[in-house]
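Whatever order the structure lists ligands and atoms in, that order sets their numbers, starting from 1. If you're wondering where the values come from, they're calculated on a predicted model, not measured in any experiment.
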Amino acid sequence: MKARQLRRLLKSRPVLLVGGAHDALSAKLIEEAGYDAIWASSFGISAATKCMPDANVLTMTEALEAVKGMNQAVSIPVIADCDNGYGNVHNVIRMVREYESAGIAGISIEDNPFPKKCSLYPGERPELVDRDEMAGRISAAKATQRSKDFFVIARTEALIAGLGMEEALGRARAYEEAGADAILIHSRKPTPDEIREFAARWKSRTPLVVVPTKYPSVKLTQLRRMGIKVVIHANQALRASVTAMKDVLRDMRRTGSLASVEPRVTPLSEVFRLVGQPDLESNDEKFIQKYKQTPSAVITAAGFERSIWPLNSDQPKALLDVRGKSILEHQVDTLRRAGVQRIAVVAGYKSERISVPGILKYRNADYARTGMVHSLLTASQETQDRFLHLYGDVLVDEAVVHKLLRSKREITIVVHTVRRRGANNPKSQPDWVKTVGDEHGEWVARIGHHLRSGEYNGEYIGLSLFSKRGAELLRAAYRKALRRKKAAYHNASSLKDVQMTDVLQEIIDQGGRVHVIRIASGWFDIETFEDYRRAWRELSV
Ligand code: SPV
Ligand code: MG
């Protein structure tokens with residue numbers, strides 16, 4: 001795929017600019033700087049990954065490992081500098097198989113013997129392998145590749161070896177004949193003169209590639225005019241990073257402080273971005289949270305309610321007995337049957353009385369001055385991730401919990417469609433809900449005790465599910481609602497007025513969605529003595 005991409009680029013662009021990378025991060029920077037392709041430099045890989053000279057001292061496998069890292073970090077094609085092919089044709093055959101199957105777009109093979117030394121090393125006058133041997137490497141590479149697009153560059157060091165222009169041209173022609181897709185003509189003269197001459201005498205359409213490290217003042221436009229098709233900036237990124245590292249290390253060591261270098265070093269957030277840290281968040285949400293079947297559950301049972309006095313004179317309401325078990329035990333049993341393993345209760349009023357084996361207990365010591373959301377968020381460990389929230393006085397059927405757990409939304413609440421309770425048993429403050437929807441689902445438009453008859457079409461039963469993101473929205477909206485109330489009342493007792501419904505409405509007002517699952521039966525709440533009697537009558541255990 002990337003080989004095809006490289007060929008398309010060669011066709012569509014007058015000249016390709018290729019950046020030399022030494023590792024995956026530098027490859028990424030090269031891509032972001034707008035280069036057309038990556039040159040996986042043997043010089044750079046040897047230096048950066050092993051601090052070794054460029055002299056075939058790294059194995060092919062070590063080089064390939066580095067090249068793979070680069071290829072995976074970028075979407076542009078990678079051309080691997082494969083030195084001399086790591087040996088004779090047998091090595092070349094294996095090498096092509098490995099590089100091609102790793103998705104590398106193309107390779108470069110040079111006519112150095114094995115082992116080689118970098119052509120730029122001072123005093124180096126390489127003895128090259130003879131033409132035929134190099135032509136054999138190229139034809140072995142071309143015969144091995146599976147896709148017709150895999151790109152093989154034949155590189156001749158004839159000019160560097162001092163073999164002269166005729167030899168350089170002769171070799172280039174021989175390699176072209178052996179099947180090379182391009183010719184890399186290397187020079188280490190301080191001017192591009194020999195490149196100009198070579199290109200002028202190169203009559204073929206087979207593209208020419210250059211690495212102008214030693215004649216850096218040449219301009220891209222000049223090279224293009226000479227007929228050069230690919231220009232490689234082979235090692236400047238590596239050298240720039242050496243300069244930068246030396247610089248900051250020296251200063252930090254000297255001053256003993258990081259402050260002096262801070263303005264010169266890339267912010268952490270930029271490194272986070274480069275390595276794809278934001279993907280972690282979205283992948284968590286997509287692949288972990290979404291499929292995590294069993295969230296934890298938090299039962300908020302902290303409050304003291306006058307409406308049930310004196311049944312709660314010496315114990316919290318959660319411990320009221322309904323047919324041999326407390327409300328809390330019924331809730332825990334139901335949640336466990338529905339597959340919820342981790343269950344926490346937030347206690348407040350007479351909290352010392354609450355103990356159910358195997359469930360976590362949090363304490364909202366400030367229960368008298370705070371509301372339900374405060375209690376819920378007291379269970380701080382449970383509410384960081386996907387969690388289910390159940391009011392402490394609500395009994396639900398297992399089927400309702402199952403239905404809710406199937407929701408993959410950020411926030412889902414269970415809404416009862418028809419109000420069962422008669423006028424003779426008025427609930428003090430039902431959580432009325434006005435919903436809207438379309439073919440994709442139903443969500444809350446307004447929620448609160450204040451909605452009047454005719455304005456609502458359901459009642460929130462006190463059971464909800466929050467994804468990790470939903471939990472974040474809840475925390476943020478709570479903080480906002482608190483600030484608003486504090487500003488309005490100027491006193492602390494107003495904290496109690498921030499109800500769950502206020503916070504849900506806040507989320508909705510901020511543009512968030514609170515999705516709805518509807519039920520027509522399968523729950524009780526126990527707010528009054530009358531409710532309690534009914535629970536005794538109707539609860540099936
Ligand atoms: C490399 O970058 O490894 C090269 C180019 O092969 S040069 O260093 O000029 O030989
Ligand atoms: Mg090299």
Quiz prompt | Whether Y121 side chain and D54 backbone form a donor-acceptor pair below 3.5 Å | solution =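 The answer is yes, because a donor-acceptor pair under 3.5 Å joins these two groups.
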Self-check item: S139 side chain vs G136 backbone, donor-acceptor pair below 3.5 Å
Solution: yes
Pair [X] + [Y]: basic N to acidic O under 4.0 Å:
X: E472; Y: R469; result: yes
X: D502; Y: R484; result: no
X: E100; Y: R146; result: no

Quiz item: What residue among K116, K117, R155 forms salt bridge (charged side-chain N to carboxylate O under 4.0 Å, His left out) with D83?
Solution: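 Option passing the salt bridge (charged side-chain N to carboxylate O under 4.0 Å, His left out) with D83: K116.
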Quiz prompt | ligand 1 atoms in contact with A234 (distance to a heavy atom under 4.0 Å) | solution =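 Listed by number with element, the hits are 2 (O).
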Quiz item: Of all N, O or S atoms in D81, which has the smallest distance to the Mg ion (ligand 2)?
Solution: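 Closest N, O or S atom of D81 to the Mg ion (ligand 2): OD2.
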Less than 3.5 Å between some nitrogen or oxygen of [X] and one of ligand 1, yes or no?
X: F43; value: yes
X: W39; value: yes
X: R155; value: yes

Please classify the [X] to ligand 1 contact at 4.0 Å (heavy-atom distances, strictly less than): side chain, backbone, both or neither.
X: H186; value: side chain
X: D83; value: neither
X: L120; value: side chain

Quiz item: So, does D54 sit close enough to ligand 1 that a heavy atom of it is under 4.0 Å from the ligand?
Solution: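 Checking ligand 1 against D54, which is what was asked, there is a heavy-atom contact under 4.0 Å.
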Practice problem: Grab the two heavy atoms, one from R137 and one from E110, that are nearest each other, plus how far apart they are. | Solution: NH1-O, 3.0 Å
Quiz item: What residue and atom, counting heavy atoms only, is the protein's closest point to atom 2 (O) of ligand 1, and at what distance?
Solution: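 Protein heavy atom at minimum distance: S41 OG, 2.7 Å.
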Quiz item: Looking at atom 4 (C) of ligand 1, what's its closest protein heavy atom, distance included?
Solution: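 Answer for atom 4 (C) of ligand 1: D81 OD2, 3.4 Å.
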Exercise. On the 0 to 90° scale, with breaks at 30° and 60°, tag the Y35-H233 ring pair as parallel, tilted or perpendicular.
Key: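 The rings of Y35 and H233 stand perpendicular, inter-plane angle above 60°.
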Quiz item: Is the distance between the Mg ion (ligand 2) and the nearest N/O/S atom of S42 smaller than 2.8 Å?
Solution: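 Checking the Mg ion (ligand 2) against S42, an N, O or S atom does fall under 2.8 Å.
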